[in-house]
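Okay, so here's the structure we're looking at.
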Amino acid sequence: MASKYQEYNQLNLPQIEKEILAHWEKNQAFEQSVTLREGATPFVFYEGPPSANGMPGIHHVISRTLKDLVCRYKTMSGFQVKRKGGWDTHGLPVELGVEKTLGITKDDIGKKISVEEYNNTCRTEVLKYKDKWDDLTRKMGYWVDLKSPYITFDNNYIESLWWCVQELYKKGLLYKSKSIQPYSPAAGTGLSSHELNQPGTYKNVKDTTIVAMFKALESENSAFLFDIARKADPAAEVFFMAWTTTPWTLPSNLGLTVGANIEYALIRTFNPYTHLPVFVVMAKDLTGKYFKKEGEDGDFSAYKEGDKVIPWQILSVFRGSQLENIRYEQLLPYVQPESGDPFRVLLGDFVTTEDGTGIVHTAPAFGADDNRVGQKYGIGIMTLVDRQGKFLDTVGEFGGRYVKNYKSDPDYKDVDVDIAVKLKKENRAFRVEKYEHTYPHCWRTDKPVLYYPLDAWFINTTAVKDRMVELNKTINWKPSSTGTGRFGNWLENMVDWNLSRSRYWGTPLPVWNTLNHSFFSPAQVYGSFEPLTRKCIGSRAELKGGYQFVKKEEFTRDILDENSELYKKIKKYNSKLTNSRDEDRINVAPIRTKISKKEEVFAIDLAAANWYYTDLIKKYCVEITNSVIESIDLHKPIVDDILFDHEGAIMYREPDLIDVWFDSGAMPYAQWHYPFENKEEFQKSFPADFIAEGVDQTRGWFYTLHALGAMLFDSVAYKTVVSNGLVLDKNGNKMSKRVGNVVDPFATLEQFGADATRWYLITNASPWDSMKFDLEGIKEVQRKLFSTVYNTYNFFAMYANLDKFTFKEAYIPLEERPEIDRWIISVLNTLVKDVTAYFNDYEPTQAGRAVQTFVDEHLSNWYVRLCRRRFWKGDYGHDKISAYQTLYECLETLSQLMAPVSPFFADWLFGNLNSVSARHAEGSVHHMNFPVAVAGAIDADLEERMQLAQDISSLVLSLRKKVNIKVRQPLQKILIPVQNVHIKEQIEKIGHLIKSEVNVKDIEYLTETEGFIKKKIKPNYKSLGSKMGAKMKAVAAAISAFSAAEIASLEREGQFNLLVENEELLIQLSDVEIISEDIPGWTVANKGALTVALDITITPELLDEGNARELVNRIQKIRKDSDFELTDRIQVKVAVIDSLKSAIINYNDYICTEILADSLEMVPELQDGIEIEVNDLTFNVLVNKKS
RNA sequence: UGGUCUGUAGCUCAACGGUCAGAGCUUCUGCCUUAUACGCAGCGGGUUGUGGGUUCAAAUCCUACCAGACCAACCA
């Protein structure tokens, strides 16, 4: 135990933090904060795993501060808060980073570099910045368990994920389907949205656009169109006009989509290319784009080929809903769809009249909207473009042609143009023109992207949508609008979760299939056989009995050798086929090509080559045994080389990976390797009480956690979620490396300290508002909050050391303490109450701001300021001890209140205090309990009158300024008109504080004020408004016009009958506010209802006293400049000045006491000493320390 | 394009139906201080993004725009 409070020369937050950090680590303070709560109610927190393949930024500091402060607060509130850290290690950003490092592209994987090598690189690269992250975690004071974090690439983690997938599979929630995804034919790969959002992918291009004419068929639905048209022309043909910027999708057209509430028109006109009379349907609002004004209702009989103006006429107008299900003739009938009910008009909410014709050509294969509406109506799907980006051979004269110039062919002919020409000739095009628009391009090949149907695995989240919506209502969202708005909306419009990623570094989808030769009947060869069988693996153990394809060299050799057993069997099999179609045969050519190109061979090749000869598996594979399972890595390519023998058919793994969001969404289970281990641990920690991340995670982590929680356990995954906003630079721009406006968190912490940074981030704005990050703000926090607390502590330490105050005396009951002590304790308890409420409500910003106000306005600038003398003057007695105990309690409580947000400084402050007083056994403030407000200590009256004291002082000071009398000059009195006894009593109790603060001798009260004080009356809108309603305006005017007598009457009677618009209304005293505006002959100031007058007469006595105080002030300055100790006694000589003589004589004792002088002499002349100035007089003073 | 959030003094933020919209930072001027901190008083600074509406009363509620941010989508 230290005997003295540590005193400091200067506040150095970064230095304090280094010391505290070392202290924490030495004493395992974090671990202790958890173990000390063993057996307590757990407060469950989930750490959203960051990815360590990028450097941490300042925005990570804010979300982690948020997490940390909640966990610290809850720990102090008595909960046990375990915080398991985690690392997100899979996914595209990792892969892209590795590809950049290695200088390769995705296509090189498996060619220039083996998948295994590639994944190994990912494995090491992904934790490249782990040290930096750990460093930041330490330095910013984020308490999280970094010793046993969960890592998503870990085998155990993946095994849990597989278990989750299998659970979903068992529930029938996992299915395979086609989805329309951005696809780059040039690169032969699907693109993720991430890749599509790379800068420069959207380019301006000029495309040939066509307004195509789809010929309507007659039916009951369309009769109303034909009836009208036939009246004008008995041979009328009716067409739907649809615009497209991708004419190559027209052969795949299966539908036309219109907006149900859009107005459409049937128009009679001529085709501008063929000049044939036509009747067309399009959105009424868009007719202006296709028809000239002059031609409206023109003369149809007079029209001839070549006329500039084509006549047109609107025959009828109707809503899109009337067009539903009208059938039309296929535009380019090269291929018929195999299934579905196509060539109908559909309704879709995505149709606009912004451009085009208001009728959307719908090819379900090549657009996400198209696909959705197509599925809804069951029009089928037709994909007449292959994966190289060229038309299938079946597409007539366009067969085999590339839809865009994917091969960079210099002689490439635009197929869109040829389609346009053909349609023009066939009277099926109304307009063909070039159109400039933005279109996404592949960021690697710079070629246009196609939207293309690709196989993908989905989780049927829409099936549990209602339950998810219901569960969401029980979650406490901060801010709530994110939960109801952004998240709630997202749930309402949910689509099935596309799990598939065709990449390499990630969790493999644990689904094995037999090869799907759908057009082939194996029964021909092998009797009865189920062509497609699937199994979903849910644990490593289930791999047992499978086979691992390891003898790749033998396989490679055999497939090239026509005498090998393998080759012979394939040949025999092929010859057995009675069906002679090539696709049905086992084709070794592609495998051979692969080998010749030195590309990696995988199990899927083996499966393709001998997919029904399972006995051959054994030749190239080893069986998976327990020992294999123990050591097997659950990544690509290892799992790809695992095969199963299913009743004579080979099952191979679906090549897809699982979306990384599944990894993080499953962390509640996978972090514990549930259900393979830690079942109990998991049950105790699900669901989470609290999570927090950036608002950008709403549809990311927040969603996947929620979805998996709902689907697997029919539960929420978290009870409270706080989403923080973005951190922008000080000009409100997004921080980006490219612009160079990123804030380096390390430099910031180093320079300003973690506490100031954390405090700034939390209190500047609510965490969920995006904040503009300005270092100036941190400086201000440092100056205003930390320096102030620090100085208050230092002030305390200085005097407490002199008086040897160690809190060894008994706690003085509040009622035995002076008014001001009870006041600050009251305010302190109010603060504790408020801060507790704010923290409980996840409003740290409010909590921090409340602490700031307390420190600045109440503790430092009122309590300490007014009590200064009590600490240095007089004996170590009751009053002094009371002051010490009070200030000590404030500081100690502050350290606890501040601990969650500024953990270092708080612990430092706590340690400094407790090391001397030893009031608590805890070695750290973070092991303490959070303070509990003592209701009995809160005295609202006392707080009210202290506010009065502050207001009155402020008014007097402003009066002094107005008449230029400095505070050191005493004045005789102030005059305060008081409305009622209560106010007077209140002021009387704190009168002494006001008097010393503003340096006046007396306070007088004016109660009998009638006729003397000029009063002003104002309506109290709040109380009056509800009573008066619409009469409010007239009442307010009447009240404002009150005469002095009327005001007096109201004051006297407590009520008043007011006549407004011939109606008598009773006005209560509480309905108005009466302000003493002026006291004739006095200098007066007002604030609200409070009025203060100041007597500015300076009598000779007052002048002497003022001069004496000036002199004291100057000599104190000399003491200070001379570095005298606080207790040093001095001797003073003053060169005599006539006008100061009386002051020095009359106030000699006072002066000596104040400056601790044993003697104060006047001498005629003084050569030595220091020149000082008192009220414009200059003279010398000699101050000597008494030896 | 849709959803959500945010627009208040030069800057950062309060006020969230009720008198005249307030603090701090910033410029300048005084004052106070046996606390190297701070504070106090004054001087400036605003049609509360814009236009409508509801109300006795709107920064606050409704509505339509405008701008920014995020998320999602992307278009015929």
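For clarity, every value in this text was computed on a predicted model and none was experimentally measured. The figures that follow rest on heavy atoms only: side chains count, while hydrogens, waters and symmetry mates do not. Letters A, B, ... mirror the listed sequences (proteins, then strands); counts begin at 1.
Candidate nucleotides B:C32, B:A41, B:C40 were compared by shortest atom distance to the side chain of A:S958, and B:A41 ranks first. Among the nucleotides B:G24, B:C32, B:A37, the one closest to the side chain of A:S787 is B:A37. For A:R868, whose side chain is taken as the heavy atoms from C-beta onward, the closest listed nucleotide among B:C56, B:A35, B:C38 is B:A35. For A:D856, the listed nucleotide lying nearest its side chain is B:G39; candidates were B:C32, B:A37, B:G39. Of the candidates B:C70, B:C32, B:G24, the closest approach to any side-chain atom of A:K784 belongs to B:G24. In this structure, of B:C38, B:C32, B:A37, it is B:A37 that holds the atom nearest to the side chain of A:N791. Between B:C38, B:C5, B:G42, one nucleotide has an atom nearer to the side chain of A:D769 than all others, and that is B:C5.
Using a 4.0 Å cut-off, no side-chain N or O of A:R865 falls inside it from OP1 or OP2 of B:A35. Residue A:N1113 places at least one side-chain N or O closer than 4.0 Å to OP1 or OP2 of B:U33. Taking only side-chain nitrogens and oxygens, A:Y760 never comes nearer than 4.0 Å to OP1 or OP2 of B:U12. Between A:R783 and B:G24, a side-chain N or O to OP1/OP2 separation shorter than 4.0 Å is absent. When the side-chain nitrogen and oxygen atoms of A:S954 are compared with OP1 and OP2 of B:A41, one or more of them lie within a distance under 4.0 Å.
Taking atom CG of A:L785 as the reference point, atom P of B:U12 lies 21 Å away to the nearest angstrom. Summarising the geometry, the separation between CG on A:D774 and P on B:U26 is reported as 12 Å, rounded to the nearest angstrom. Between A:L866 atom CG and B:G39 atom C1' the separation is 12 Å, expressed in whole Å. Distance A:F795 CZ to B:A37 P: 15 Å, rounded to the nearest Å.
Ring pair A:F871/A:F796: centre-to-centre distance not below 6.0 Å. Aromatic pair A:W490/A:F702: centroids not less than 6.0 angstrom apart.
Salt-bridge annotation for A:E780 and A:R783: absent, with no side-chain N of the basic residue lying under 4.0 Å from a carboxylate O of the acidic one. Salt bridge status for A:R869 with A:E1154: present, with a side-chain N to carboxylate O gap under 4.0 Å.
Using P as the reference atom, B:G3 and B:C65 are 10 Å apart when rounded to the nearest Å.
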